[in-house]
Amino acid sequence: MPSRLTPIPIPSPLPEPLNHHHGHHHIPLLPIVLPATLTLLVILFLTLLLLLQRKLSRNRTTPSDDHQRRFSYTLLRRSASSFSSSTLLGHGGFGAVYKATLPSGQCLALKVMDSPGSLQGEREFHNELSIASALSSPHILSLHGFSSDRRRRKLVLVYEYMPNRSLQDALLDNKCVELMEWQKRFDIAIDIAKGLAYLHHFCDPPVIHGDVKPSNILLDADFKAKIGDFGLARLKTEDLVEKREVEGGEDNGSILEETESVTIGFDEGGAGVVADRSPESCVVRILDSEASPENMAVSPEVGIDKASASDGCFDKMSLDSGKDLIGNGRKNGGSRRDWWWKQDINGGGSESGRVKDYVMEWIGSEIKKERPKSEWIASPSSAENDGLGSKVELKQKQKQKKQRKRLDWWASLDEERMAKRKEKTRKPREWWKEEFCEELSKKTKKKKRALGSTSGRELWWQKDDDDDEDVVRQERKKKRKNKNSRGSIDWWMDGLSGELRNGRRNSQDWTNGGGGDIPKSGGISSTPSMRGTVCYIAPEYGGGGLLSEKCDVYSFGVLLLVIVSGRRPLQVTASPMSEFERANLISWARQLARNGKLLDLVDSSIHSLEKEQALLCITIALLCLQKSPSKRPTTKDIVGMLTGEAEPPHLPFEFSPSPPSSFPFKSRKKAR
Ligand SMILES: Nc1ncnc2c1ncn2[C@@H]1O[C@H](COP(=O)(O)OP(=O)(O)OP(=O)(O)O)[C@@H](O)[C@H]1O
């Protein structure tokens with residue numbers, strides 16, 4: 001029997017490579033991998049582009065400054081009850097101001113930008129942020145930080161809350177009883193002077209505020225005053241301007257170009273247009289506080305570069321100050337001027353007629369504010385007399401309505417339509433406006449003719465720099481001669497920054513932008529079309545340049561008169577005819593000085609008046625209001641005079657009723 005052989009195990013074949021089954025079907029890899037890679041790359045590129053764009057847009061609306069505290073917009077909104085009217089503190093050119101109470105209990109004031117996307121608003125926002133955040137003084141309003149909400153396009157500036165709001169509110173609108181005490185007013189004047197001296201003498205480069213007026217003076221719980229609102233402030237950076245001039249950087253006045261500059265100014269990389277601005281040239285240094293009278297600068301970081309730090313730098317508007325305006329403003333001519341004036345090109349706002357009308361309208365409204373309601377045909381609604389809260393609300397609503405109206409009006413402005421519209425909507429106060437316009441245009445023509453025959457382009461206020469008492473005497477003689485024949489308009493126009501009075505407006509005088517300027521609590525504001533505020537603006541500044549610390553000094557002079565008299569620079573308190581001479585505070589003060597009756601200017605509601613201090617204030621104010629900037633005292637001098645550290649001032653010669661030596665001051669200089 002054949003034996004059954006166990007089958008020899010056949011070694012299994014070598015394992016085939018795993019992909020053996022693919023071995024024969026080669027699928028080409030390239031057509032799959034290539035499109036996939038390309039798609040990935042495109043997605044990556046698009047994501048990067050998107051990120052870059054978002055970053056750029058963020059840079060445009062918010063400065064990338066680590067040194068600024070950035071607040072959560074939602075938190076701020078909640079803290080201000082969703083920006084309801086119950087938290088509304090006031091409304092300015094930038095937007096509404098609300099009171100916010102943080103969960104910690106800390107109170108803040110929030111300035112919320114009105115018109116998102118507005119270049120002017122953004123400029124002011126950045127300007128304020130750059131400059132105000134670098135300052136630290138008990139006489140300067142603290143800026144705590146900012147917030148922005150890209151989705152809603154909201155910009156918010158966060159300030160310390162000032163319980164007594166602005167000097168405009170406390171002194172002129174609400175007539176707070178606390179401010180009827182002389183000492184409080186005198187202290188406020190000193191605080192403001194110290195704040196300005198800090199800006200001019202203890203910051204490097206000096207900061208020129210550019211819009212000193214009651215609504216920009218904030219009062220804390222003890223009525224201590226602080227200067228706020230640096231939206232129009234400028235740095236006196238002469239070296240930068242020099243550099244620009246050397247480089248021959250001709251600017252073509254394009255708003256777009258400016259937008260770019262502002263944008264790039266906050267570019268983290270600091271590249272591009274701002275490449276010529278080194279970080280060192282963009283900072284405010286707080287100089288040695290020891291040297292300041294009464295240690296005005298109390299910054300713990302004295303001597304340390306505080307501003308803008310990193311790359312945030314000051315944007316173009318803060319930098320383009322200085323020499324082209326200070327020294328060479330006129331030489332440079334319109335095209336080289338600062339971007340401020342470039343807004344002229346926007347909408348042809350240079351047409352002086354528009355500004356004239358606007359100014360006149362404002363003057364009318366100022367008078368209306370003070371006149372007994374019965375005198376006006378259109379009396380305000382009775383609702384105005386309800387509660388205080390509703391009154392404020394009503395006021396706000398009326399203001400906003402007016403603003404909207406005015407914006408429309410400006411937008412649709414052309415001569416014919418304007419005339420028709422005027423005809424239709426002739427309000428009671430317009431008699432006033434018309435009378436003024438007519439008289440003004442006559443005056444302007446006359447002056448132009450007279451100017452044509454003389455040296456032509458010489459500035460009136462420059463003249464009195466070189467002219468001596470001879471001219472003053474001649475002028476006085478002429479005035480005396482003309483006194484009886486003076487048109488009523490003169491009383492009103494005297495001291496209105498000299499511009500209306502002299503009929504010397506040109507494209508850069510009163511108007512920039514021409515688009516919807518808004519009268520704010522302080523009068524006609526600089527934003528967006530006026531640089532400074534009518535009645536407070538220095539004549540040389542309103543005249544198209546020559547910005548210097550002395551512009552702030554002039555505004556301080558007006559403010560001082562307002563503080564002493566407790567009234568607006570332009571107003572009629574009773575029947576227009578009997579009060580006409582007093583309507584213009586500046587010319588009235590000058591007239592009283594000539595008659596030796598300065599104390600008549602003092603607010604009759606004041607109690608515990610220190611006559612000597614009141615006289616001192618008025619005298620300093622008159623010094624500040626001299627047309628020639630070089631004759632005005634510095635803010636350091638003013639602090640010295642007010643505090644008694646320096647010799648008391650003499651009235652300017654032209655105002656001395658008798659030789660200056662007889663001025664009734666005892667020397668207040670402290671014995672050392
Ligand atoms: N820090 C603050 N604390 C309390 N109230 C404030 C504060 N800042 C502003 N206000 C109130 O808000 C109002 C508006 O202020 P804002 O500075 O926006 O405008 P303005 O000074 O009136 O006008 P402009 O824009 O021409 O300077 C002020 O008059 C004041 O009553």
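Start at 1 with the first residue, then count along the sequence. Order of appearance sets the numbers: ligands from 1, and atoms from 1 within every ligand.
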With a 3.5 Å distance limit and no angle check, can you tell me whether Lys194 reaches the backbone of His139 through a side-chain donor-acceptor pair?
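Not a single qualifying donor-acceptor pair exists.
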Tell me the contacting part of Lys111 for ligand 1: side chain, backbone, both, or neither, using a 4.0 Å heavy-atom threshold, strictly below.
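Only the side chain of Lys111 comes within reach of ligand 1.
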For Ser215, which part has a heavy atom under 4.0 Å from ligand 1: side chain, backbone, both, or neither?
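Answer for Ser215: both.
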Geometry only, no angles: is Asp169 polar-contacting ligand 1 at N/O separations under 3.5 Å?
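N/O-N/O distance under 3.5 Å: yes.
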Side chains of [X] and [Y]: donor-acceptor distance under 3.5 Å anywhere?
X	Y	value
Ser82	Ser84	no
Thr634	His200	no
Asp169	Ser166	yes

[X] heavy atoms, cut-off 4.0 Å: which ligand 1 atoms fall inside?
X	result
Asn216	21 (O), 27 (O)
Ala109	1 (N), 2 (C), 3 (N)
Leu89	4 (C), 5 (N), 31 (O)

Any carboxylate oxygen within less than 4.0 angstrom of a Lys/Arg side-chain nitrogen, looking at Glu549 and Lys236?
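Result for this pair is yes, salt bridge flagged.
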Are Asp149 and Arg77 close enough for a salt bridge, meaning some N to O gap below 4.0 Å?
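Between Arg77 and Asp149 there is no salt bridge, as every charged N stays at least 4.0 Å from the carboxylate O atoms.
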Is the closest heavy atom of Glu160 to ligand 1 under 4.0 Å?
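Contact present.
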Measure from atom 3 (N) of ligand 1 to every heavy atom in His91, Met162, Lys213 and give the option owning the shortest one.
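Nearest option to atom 3 (N) of ligand 1, by heavy atoms: Met162.
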For atom 7 (C) of ligand 1, which of Asp173, Leu218, Leu88, Leu143 has the closest heavy atom?
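Of the listed residues, Leu218 has the closest heavy atom.
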Please work out which of the three classes, parallel, tilted or perpendicular, describes the rings of Phe83 and Tyr73, given edges at 30° and 60°.
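Tilted: the ring planes of Tyr73 and Phe83 meet at 30° to 60°.
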